[in-house]
2 protein chains.
Amino acid sequence: MDQAVRSAAKAATADCDRSTWDAGNCPVRDVMNRISGKWATLLLEALAAKPHRFGELRRLVPDISQRMLTQTLRDLQRDGYIEREVFPTKPPSVEYRMAPLGRSLFGPLSKVLEWAAENHDAVRAARRSFDDAGLA
Amino acid sequence: MDQAVRSAAKAATADCDRSTWDAGNCPVRDVMNRISGKWATLLLEALAAKPHRFGELRRLVPDISQRMLTQTLRDLQRDGYIEREVFPTKPPSVEYRMAPLGRSLFGPLSKVLEWAAENHDAVRAARRSFDDAGLA
DNA sequence: CGATGTTAGTCTCAAAAATAGACCAGCACT
DNA sequence: AGTGCTGGTCTATTTTTGAGACTAACATCG
């Protein structure tokens, strides 16, 4: 287990040498900086289940502002994770759906999401014990 | 409690239950909001390879500010992902290392990092074609 | 007919967060 | 005595996020 993690770590960092870590040059940063926003994973999770319209997404994630929803969707579309289609209905509606690249990303990403759900209690316990230990 | 975690875990893979999508209540958000910062994954990646001292981490990630390095490390420590040990040497040095919880998280997380490295070109291509298509 | 609601946004301005850079204390070397 | 190293903290400035008003065409309700 430790072995697997170690080799994975090595693989992930293989073409990202520390001494030459350049912000514009590092794939990990370039990709992570987009999906690591506050809202991106939430929207990918919603769209992984099924396509949704703008208003549906807004209702699904109640505390996102329209501004951030628009912007995050556009960023995800720009990087090829999702697709946007406009239907010329009476009040024009827009549907967002997962693109192949997004679905491919969501494979590994969903594993992290599962980990989060499974280990939430452990994290909260660690947090509590850290806070109780005085150095809050 | 156990029930909450189980239903949340189910939600992570399938459709996330709306009623659990309250900011304070959703495990996915609670965990993701911490590891999805701009620096957290970078530091976890560095510490997954081997323990590092404060100054080493700063040199490893040249464009992080001291303030954000301090704060991100403290957040990571608070949530139980990393451990901090002070050595009372002449100029006191501090070593940061992966905690068991962090190593456990890094298993799935490293898969995403690998994905990022492998698909960086596809993302950049999508980005370029989006920008060229006018609506930059 | 006119008031209101729905669609997917954009625009503006205030609040929150990230950053740069100065500063601190203790010790070692010159 | 001056310089540099350690791991930070404090403050001021810039960047990001958020709350809320506004658009514009059509649909529904009274």
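Just so we're on the same page: letters track the sequence lines, and every chain starts at 1.
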Q | Nearest-Å distance for atom pair CG/C1', residues B/Asn33 and C/dA18 | A | 16 Å

Q: Could you tell me which non-hydrogen atom of B/Arg84 sits nearest to which non-hydrogen atom of B/Gln77, and how far apart they are?
A: CD-OE1, 3.7 Å

Q) Is a salt bridge present between B/Arg124 and B/Asp121, judged by a nitrogen-to-oxygen distance below 4.0 Å? A) yes

Q.
I'd like to know if the side chain of A/Thr72 reaches the main chain of A/Leu69, judged simply by a donor and an acceptor atom lying under 3.5 Å from each other, with no hydrogens or angles considered.
A. no

Q | Spacing of CD1 belonging to A/Ile35 relative to CG belonging to A/Leu43, to within rounding of 0.5 Å | A | 13.0 Å

Q.
Nearest whole Å is fine: how far is C/dA8 C1' from A/Phe54 CZ?
A. 6 Å

Q. For every nucleotide of nucleotides 12-30 of chain D, 5' to 3': is a protein heavy atom under 4.0 Å from its base (B), only from its sugar-phosphate (S), or from neither (-)?
A. -----BBB-B-----S---

Q: Kindly write out the residues that satisfy side-chain hydrogen bond (donor to acceptor under 3.5 Å, both in side chains) with B/Trp115, not counting sequence neighbours, or none if the list is empty.
A: A/Ser104, B/Asn119

Q: Report which part of the nucleic acid A/Phe87 touches: base, sugar-phosphate, or nothing (heavy-atom distance under 4.0 Å, all strands).
A: nothing

(Q) Quick test of your reading of the model: are A/Asp75 and A/Arg78 salt-bridged, counting only N-O distances below 4.0 Å? (A) no

Q) Rounded to the nearest Å, what distance is computed from the CZ atom of residue B/Arg59 to the C1' atom of nucleotide D/dG4? A) 13 Å

Q: Kindly point out which of D/dG7, D/dT6, C/dA8 is positioned nearest to the side chain of B/Arg84?
A: D/dG7

**Q.** Rounded distance (Å) that lies between atom C1' of C/dT10 and atom CG of A/Leu73
**A.** 15 Å

Q | Interatomic distance, B/Leu69 CG vs C/dT19 P [rounded to whole Å] | A | 11 Å

Q. What's the CZ-P distance between B/Arg58 and D/dT6, to the nearest Å?
A. 8 Å

Q: Under 4.0 Å between any heavy atoms, over every strand shown, what does B/Arg53 touch: base, sugar-phosphate, or nothing? Just pick one.
A: sugar-phosphate

